[in-house]
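Everything below concerns the one structure shown next.
No experiment lies behind these values; they were computed from the predicted model shown.
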Amino acid sequence: MQGNYNAFYQEAQTFLGDRIYKDYLRRLVYGIDASCYRYIPQLVCKALNEAEIIKIYALAQKYKTPLTFRAAGSSLSGQACSEGVLVMASLGWQEISLHEDGQSVRLGCGVIGAQANHALKPQHQKIGPDPATIATAMIGGILANNASGMCCGVEQNSYHTLKSIRVILSDGTLLDTAQESSVQAFKKSHSTLLEGLLELRQEVLEDSNLHALIKKKYQIKNTTGYSLNALIDFSDPIEILSHLFIGSEGTLGFIAACELACVPDLPFKTCLLLFYENLNLAIEAVRILANNKDKISAAEVMDFACLASMQGVEGMPEVLNRVEPGYTCILAQLESDDLGILEANTIFVLQALENVPTILPIAKSADPKEYNTWWKIRKGLFPIVAGRRRVGASVITEDLCFSMEHLQEGIARLQDLLAVHGFKEHSVIFGHALSGNLHFVITPLLENEDERTQFSALVEDMAHMVASLQGSIKAEHGTGRMVAPFVELEWGKKAYGICQRIKALFDPEGLLNPDVILSEDPHIHTKNLKTSPLIAAPLESCMECGFCERACPSRYLSLTPRQRIVLQREIAHLQESQENQPLLEELLEGYAYLSDETCAACHMCATLCPLGIDSATIALKSRQEAKAPALAKSVLNHLDTTISALKGGLHATQIAQVLLGSENLQTWSMQAHLKLGTPAISKYMPQSNPYKLHSKPATKNVLYFSTCMNRAFAPSKFMPDRRSLQEVFESLCAKAGFGVLYPPSLPKFCCGKAFINYADLSAQNQEKNAQMFKELCKEGEIPIVLDHSACSAHLLEGFKDQGLQIYDMPIFIQEILLESLQIQPLQESVALYTMCASKRLGYQENMRALAQACVQGAVLEHTDTLCCGFAGDKGFLTPELNQHALMDLARFYKDKNLKRGFCSSSTCEVGLSQQTHIPFQHIAYLVDACTR
């Protein structure tokens with residue numbers, strides 16, 4: 001469909017400003033999702049609120065431009081791709097409101113599923129849908145796909161737990177079914193639409209065969225076509241409309257928010273790990289488990305190819321190493337609010353399974369630390385299998401469901417099809433066994449004409465096979481483009497006609513997500529498939545699932561790790577093909593800011609990636625290529641002079657704050673930064689550190705390697721405690737009976753983190769530090785403490801096998817000093833932030849425990865902010881990165897009335913204070929304030 005995109009862009013700028021994009025780089029990278037499809041939209045919009053969505057609708061109608069809505073982009077069937085206008089709705093849509101009785105929750109479309117569950121945890125509740133992507137998928141997508149998952153089955157999916165919905169229709173009308181006034185107004189303004197829905201309902205009820213078909217097909221998981229069960233489940237047209245939106249994949253309108261009924265998050269769980277000699281035996285066990293659904297909440301089946309792909313992956317259970325060809329695994333979970341009932345149910349289930357022999361001893365565990373490693377097998381399967389594909393191969397996943405009576409035959413015929421079409425060696429089968437729901441993954445080389453033809457034939461044959469067994473061609477991943485050509489095949493002509501009429505009622509001009517769910521193109525499922533140009537080995541295995549995105553501090557500002565990798569692939573393709581050099585130059589120019597300059601290189605993306613892919617390597621490589629070794633060498637060799645110069649600059653800033661006012665200086669420096677690129681000066685800028693460092697030895701001593709930043713920095717004048725960090729640490733050590741030793745060479749000491757982009761310089765500094773540590777700490781006898789967590793992490797990694805006692809200061813306080821201190825907890829609540837380097841070291845719980853020991857109030861921590869984006873000097877040179885990284889955190893702390901916050905990084909603390917207006921200081925200040 002050809003619309004007037006230029007006119008749309010010009011008019012949309014008046015209310016979206018710089019949140020509408022027409023440059024190729026962002027259209028490319030924002031347009032890619034987790035599916036196997038590559039569509040590049042004409043325009044991309046980031047909408048922050050309903051008023052903007054309504055205006056976007058009006059422009060789409062005016063200029064005939066198709067719209068596609070997207071939240072997280074974790075959908076797998078091509079429903080979140082666009083050739084028209086892609087509307088991204090994540091930032092600004094994060095409402096979480098718990099109902100007073102704790103039985104339901106209201107959620108904005110941009111809330112991540114796991115965030116909703118985190119908010120419900122104190123009430124021992126959770127949302128029903130539990131897709132494997134719940135830590136990434138957002139509510140808008142979960143509802144739009146009718147996502148289910150591993151435990152929820154059919155009964156607790158989005159459709160069955162929906163209490164109300166807030167939607168915007170294609171004509172810009174807002175309907176909130178929780179508000180009676182909204183419902184009544186809608187009934188008057190849209191009576192024709194509602195009458196049309198009732199007419200469809202009546203037709204279905206009068207056709208006994210069609211009624212029976214719909215009823216039967218929704219007894220198992222089904223997301224093929226529209227939710228036709230709404231026509232038989234409800235007589236109220238508002239309820240029919242609400243439930244048709246579930247699974248509608250953005251083709252009927254925009255889902256802004258919803259209210260979902262909660263389900264119990266039962267406190268006691270037991271998991272079983274069962275290994276069978278072959279898949280047939282495993283399916284026999286599945287039938288037994290399915291007959292005892294009242295006692296079991298989940299059962300995941302994984303074939304040998306799945307298990308083999310997980311062998312050698314860090315954190316996987318040892319038993320995988322004993323798996324032999326043909327073995328199949330079932331991971332089952334039982335849960336209850338009563339330990340006695342749970343144990344009885346476990347015994348009953350194990351006895352019921354005795355007639356189906358296992359090949360390895362049955363593993364049973366009620367320990368979350370143990371059984372969560374088992375669940376990692378299942379939850380990491382898709383991206384890990386995808387990551388181990390052949391170089392250049394694409395990733396395609398399919399999602400089928402059979403009734404239990406047809407499950408074994410369905411699996412057998414699926415295996416035959418995979419073999420016939422050449423995918424036996426490049427496929428895995430797994431799924432939610434209790435629901436008869438199977439997933440398989442294939443990794444074809446789509447640039448190979450034979451494999452492309454085989455893929456197309458496989459999908460068609462698979463659709464016919466599933467339909468012949470009265471199964472669902474799509475069970476929970478959504479119809480999308482992948483099975484749009486086969487909706488009529490599964491449902492038949494009458495039901496398909498009902499789907500077409502539903503679409504026409506809601507979207508008469510066909511502007512909402514065309515070619516998704518319904519398509520007139522019988523080959524749409526095989527068009528615009530991704531290929532994988534060869535890029536650097538650590539990044540090559542990425543299949544763009546998006547698991548990494550919520551960790552990224554630049555996700556609201558520029559690009560995410562997934563998008564940076566997409567950009568690398570496009571650059572590699574253009575460099576190799578030499579097809580379009582002007583376009584390549586455009587990408588390289590945009591890359592400098594969007595991919596490099598705004599990357600914090602915090603490495604947090606790797607902590608969420610199932611493959612441990614670290615996209616920070618992209619920016620670090622660029623920075624190595626742009627390095628100025630002579631200047632870096634001069635700085636390192638004259639570090640004492642550099643720090644003196646830094647102190648001089650800080651002192652000059654203090655004078656300017658006095659003369660101009662701190663707020664004015666901050667405002668003017670930001671304006672200068674935007675115009676000239678000069679460093680931004682925060683109101684909370686540290687002052688010059690005047691404290692003289694002198695050793696204070698005792699019977700027990702600690703070597704205190706105060707970092708260069710903290711040797712230069714003293715607290716801002718807006719901090720509640722103006723003492724230098726060194727003075728505070730000395731106070732704590734004295735109270736605990738420890739002496740503090742400052743190394744004689746401290747003025748020239750550097751951990752080396754600032755010079756990681758200079759390989760030779762870094763190696764020389766590492767060698768110098770190794771010799772110094774060896775001499776001063778008496779072969780590891782005296783502990784070494786650093787006072788900036790990023791520097792501590794760097795040294796701990798560099799000297800992990802050297803036999804040295806290296807501590808980050810909060811850990812030394814907690815593990816060594818705390819037992820000798822007399823604590824008098826303060827009568828207040830405090831904010832806490834664990835910086836990214838500390839999170840990677842696993843210190844988050846230590847920080848919480850230390851803070852909680854010091855206060856009687858609450859320790860409030862926004863756990864979803866994984867990196868503050870200050871990134872050493874970027875908070876001064878690229879302050880917008882810090883601002884965007886802390887948007888959610890700032891909103892979390894708003895109106896909490898907290899007087900103090902604590903961290904362990906003097907640079908992070910500047911940004912935290914700036915964005916929250918809560919003064920953040922090192923956690924040592926808190927411990928010193930409450931101890932004697």
Would you please say whether a donor-acceptor pair under 3.5 Å links the side chains of [X] and [Y]?
X: Asp399; Y: Asn437; value: yes
X: Arg287; Y: Gln408; value: yes
X: Ser403; Y: His406; value: yes
X: Glu476; Y: Thr223; value: no
X: Asp233; Y: Tyr159; value: yes
X: Lys269; Y: Gln333; value: no
X: Glu300; Y: Trp375; value: no
X: Asn513; Y: Glu249; value: no

Problem - Aromatic Tyr226 / basic Lys503 pairing, under 6.0 angstrom, 45° off normal - result: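 Because its charged atom misses either the 6.0 Å distance or the 45° angle limit, Lys503 does not stack over Tyr226.
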Handout entry: Face-on cation placement of Arg481 at Tyr39 ring, 6.0 Å and 45° thresholds
Key =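 Pair Arg481/Tyr39 counts as cation-pi.
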Exercise for the section: Please check if atom CD in Glu277 has more than 12 non-hydrogen atoms from other residues, nucleotides or ligands closer than 6.0 Å. Expected result: no
Within a strict 4.5 Å, meaning less than it, do heavy atoms of the [X] and [Y] side chains meet?
X: Leu193; Y: Leu169; result: yes
X: Ile232; Y: Val204; result: yes
X: Ser77; Y: Thr479; result: no
X: Ser394; Y: Cys36; result: no

Practice task
Begin with the C-alpha distance, continue with both residues' side-chain angles, and end with the deciding distance and a verdict on side chain to side chain donor-acceptor pair (under 3.5 Å) for Thr224 and Glu490.
Solution key: CA-CA 8 Å; Thr224 309; Glu490 176 174 330; 3.0 Å; yes
Exercise for the section: Please report the C-alpha distance between Lys295 and Glu335 in whole Å, then the side-chain angles of each, then the deciding distance to 0.1 Å, and finally whether the salt bridge (Lys or Arg N to Asp or Glu O under 4.0 Å) criterion is met. Expected result: CA-CA 8 Å; Lys295 297 178 177 62; Glu335 51 190 52; over 6 Å; no
Handout entry: Thr358 (side chain) donor-acceptor with Tyr276 (main chain) under 3.5 angstrom
Key = no
Handout entry: Backbone N/O of Ser35 and side chain of Lys530: donor-acceptor pair under 3.5 Å
Key = yes
Exercise for the section: Go through the steps to decide whether Phe275 and Trp374 satisfy the test ring-ring contact (aromatic ring centres under 6.0 Å, His included), and finish with yes or no. Expected result: CA-CA 13 Å; Phe275 289 90; Trp374 302 352; 9.3 Å; no
Exercise for the section: Under the ring-ring contact (aromatic ring centres under 6.0 Å, His included) rule, what do Phe245 and Phe506 come out as? Steps first, then yes or no, please. Expected result: CA-CA 10 Å; Phe245 263 87; Phe506 284 88; 5.8 Å; yes
Practice task
Report the C-alpha distance between Lys221 and Ser148 in whole Å, list the side-chain angles of each, state the deciding distance to 0.1 Å, and finish with yes or no for side chain to side chain donor-acceptor pair (under 3.5 Å).
Solution key: CA-CA 8 Å; Lys221 289 185 179 183; Ser148 46; 3.2 Å; yes
Exercise for the section: Apply the test side chain to side chain donor-acceptor pair (under 3.5 Å) to residues His421 and Asp461: give CA-CA distance (whole Å), side-chain angles for both, the deciding distance (0.1 Å), then the verdict. Expected result: CA-CA 10 Å; His421 293 293; Asp461 287 352; 2.8 Å; yes
Practice task
Identify the two heavy atoms, one from Glu520 and one from Asp515, that lie closest to each other, and give their separation to 0.1 Å.
Solution key: N-OD1, 4.4 Å
Exercise for the section: Give the minimum heavy-atom separation between Ile255 and Gly140, together with the two atoms involved. Expected result: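 Scanning both residues, the minimum pair turns out to be CD1-O, 4.5 Å.
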